[in-house]
Amino acid sequence: MKIVVIGGTGLIGSKLVSRLREHAHDAVAAAPNTGVNTLTGEGLAEVLRGASVVVDVSNSPDWDDAAVLKFFETSTRNLLSYEATAGVKHHVALSVVGTDRLSESGYFRAKIAQEKLIKESSIPYSIVHATQFFEFLKGLADISMVGDKVHLPPVLFQPMAAADVASAVGRIAVGQPVNGIIEIGGPEQFRVDELVRRRLATLKDPREVIADSDARYSGAKLSEKTLLPGNDAPLGETHFETWLTQPAAQIPKAA
Ligand SMILES: NC(=O)c1ccc[n+]([C@@H]2O[C@H](COP(=O)([O-])OP(=O)(O)OC[C@H]3O[C@@H](n4cnc5c(N)ncnc54)[C@H](OP(=O)(O)O)[C@@H]3O)[C@@H](O)[C@H]2O)c1
């Protein structure tokens, strides 16, 4: 089965392409540096020829409110339109657990807009809501700076390894479209400030992490359970302490 992975060179995309190839699928990584640009439409008609499934794990290079909205609206519109012409049977997109509860954030308004376009299109779809990636913990610190300190709310979250996200998205991509949202999460709950503090310590990053109930996550106010998946969400198997011993944990990912 030909499966095109939009953002196939990124953190999740590159792992997903490898997983799909291991299972003998014809997985194609599509991104600007492979000649496919969803913002301009460049290369889309060619790469989608003969594709049964498209998985969109792209992300905006710029997280400014206006730029990220333009990215997800324009790229999703282009993608869905080229998919309809190519006869694609399943559109899979990766989004974030709690997206619909985070509309105070410009980034999440853009993800809401992306999901709305997918739901309104004629292509059968599955939207995967994942929790925060372990690889994103340093990036979370970077976007939560007040002066020289990291301010984070001491609320619960249930982060997961990017490798487990890629495995789950791969399984969903080769299954039937659900025409709805599937949540996935990590095996353990933590307090956001606590885990980011632990992660920065492992990176020997000297920044102090302050537990601040008024601090926002990407611009959105959180309550205790905003970031948690539902009780029925399938959980990744990699625990945080195990992940820390893996090569993936040695490379701090900015975002
Ligand atoms: N961070 C988290 O904790 C988290 C949690 C749940 C869900 N998510 C979602 O997961 C998704 C993937 O995140 P990620 O961290 O894997 O992203 P990433 O590593 O930043 O990769 C982004 C990918 O998008 C590609 N891309 C950028 N502009 C493009 C364009 N115009 N046309 C086609 N491809 C383009 C990039 O290609 P180049 O490298 O060539 O620019 C790259 O392959 C995002 O949608 C995000 O919302 C993230």
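In listed order, ligands and their atoms are each counted from 1. The model shown is predicted, which means the values in this text are computed figures rather than measured ones.
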S.K.: Would you confirm whether Ser18, through its side chain, and Ser14, through its main-chain N or O, come within 3.5 Å as a donor-acceptor pair?
M.R.: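 A pair under 3.5 Å: yes.
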
S.K.: Given Asn59, Val57, Leu79, Asn78, which one has a non-hydrogen atom that is nearest to atom 12 (C) of ligand 1?
M.R.: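 Closest candidate by heavy-atom distance is Val57.
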
S.K.: Using a 4.0 Å cutoff against the non-hydrogen atoms of Gly10, which atoms of ligand 1 qualify?
M.R.: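 Counting atoms of ligand 1 from 1, those under 4.0 Å from Gly10 are 19 (O), 21 (O), 42 (C), 43 (O).
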
S.K.: Got more than 12 heavy atoms from elsewhere within 6.0 Å of CD, Glu237?
M.R.: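 Not more than 12 within 6.0 Å, no.
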
S.K.: Run the contact test for Leu140 against ligand 1 with a 4.0 Å cut-off on heavy atoms, strictly below, and give the result.
M.R.: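 Per 4.0 Å heavy-atom rule, Leu140 does not contact ligand 1.
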
S.K.: Look at atom 47 (O) of ligand 1 and find which of Tyr107, Phe108, Phe71 reaches it with the closest heavy atom.
M.R.: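 When every heavy atom of Tyr107, Phe108, Phe71 is considered, Tyr107 comes closest to atom 47 (O) of ligand 1.
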
S.K.: Using a strict cut-off of 4.0 Å, indicate which atoms of ligand 1 neighbour a heavy atom of Asn33.
M.R.: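 Matching atoms, with element in brackets: 40 (O).
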
S.K.: Can you see which heavy atom on Asp205 is nearest to which on Arg207, and at what distance?
M.R.: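 Of all heavy-atom pairs spanning Asp205 and Arg207, the closest is OD2-NH2, 2.7 Å.
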
S.K.: Under a 4.0 Å heavy-atom limit, does Phe136 contact ligand 1 with its side chain, its backbone, both, or neither?
M.R.: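 Looking at Phe136 and ligand 1, just side chain atoms fall under 4.0 Å.
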
S.K.: Under 4.0 Å from a heavy atom of Val96: which atoms of ligand 1 are those, numbered in the order shown and with their elements?
M.R.: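 That gives atoms 6 (C), 7 (C), 8 (N) of ligand 1.
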
S.K.: With a heavy-atom distance limit of 4.0 Å, tell me whether Ser60 approaches ligand 1 through its side chain, its backbone, both, or neither.
M.R.: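 The answer is neither; Ser60 stays 4.0 Å or more away.
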
S.K.: Got a salt bridge between Asp193 and Arg191, using NZ or NE/NH1/NH2 to carboxylate O under 4.0 Å?
M.R.: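 Result for this pair is no, no salt bridge flagged.
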
S.K.: Check whether Tyr125 and Ile172 end up in the same hydrophobic cluster, where Ile, Leu, Val, Met, Phe, Trp and Tyr are linked by side-chain heavy atoms less than 4.5 Å apart.
M.R.: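 No.
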
S.K.: Should Phe190 and Leu140 be counted in the same cluster of Ile, Leu, Val, Met, Phe, Trp and Tyr side chains packed under 4.5 Å apart?
M.R.: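 Looking at the clustering, Leu140 is in the same group as Phe190.
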
S.K.: Is Pro32 near ligand 1, meaning one of its heavy atoms is under 4.0 Å from it?
M.R.: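 Flag set, Pro32 near ligand 1.
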
S.K.: Could you list the atoms of ligand 1 found under 4.0 angstrom from a heavy atom of Ser95?
M.R.: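 Heavy-atom distances to Ser95 below 4.0 Å select 6 (C), 7 (C).
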
S.K.: Is there a donor-acceptor pair under 3.5 Å between the side chain of Gln158 and the backbone N or O of Gln132?
M.R.: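 Pair absent, no side-chain N/O of Gln158 close to backbone of Gln132.
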
S.K.: Answer with side chain, backbone, both or neither: which part of Val36 has a heavy atom less than 4.0 angstrom from an atom of ligand 1?
M.R.: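 It is the backbone that gets close, since no side chain atom is under 4.0 Å.
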
S.K.: Return the orientation label for the Tyr217 and Phe108 ring planes: parallel under 30°, perpendicular over 60°, tilted otherwise.
M.R.: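 The rings of Tyr217 and Phe108 sit tilted, inter-plane angle from 30° to 60°.
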
S.K.: Return the option from Thr99, Thr9, Val165, Leu94 holding the heavy atom at the smallest distance from atom 39 (O) of ligand 1.
M.R.: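 Looking at heavy atoms only, the winner is Thr9.
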
S.K.: Just to be sure I read this right, does ligand 1 sit under 4.0 Å from the backbone of Lys111, its side chain, both, or neither, counting only heavy atoms?
M.R.: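 Under 4.0 Å from ligand 1, Lys111 contributes side-chain atoms alone.
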
S.K.: Measuring only between side-chain heavy atoms, which start at C-beta, is Leu94 closer than 4.5 Å to Val165?
M.R.: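 Result yes, sub-4.5 Å side-chain heavy-atom pair found.
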
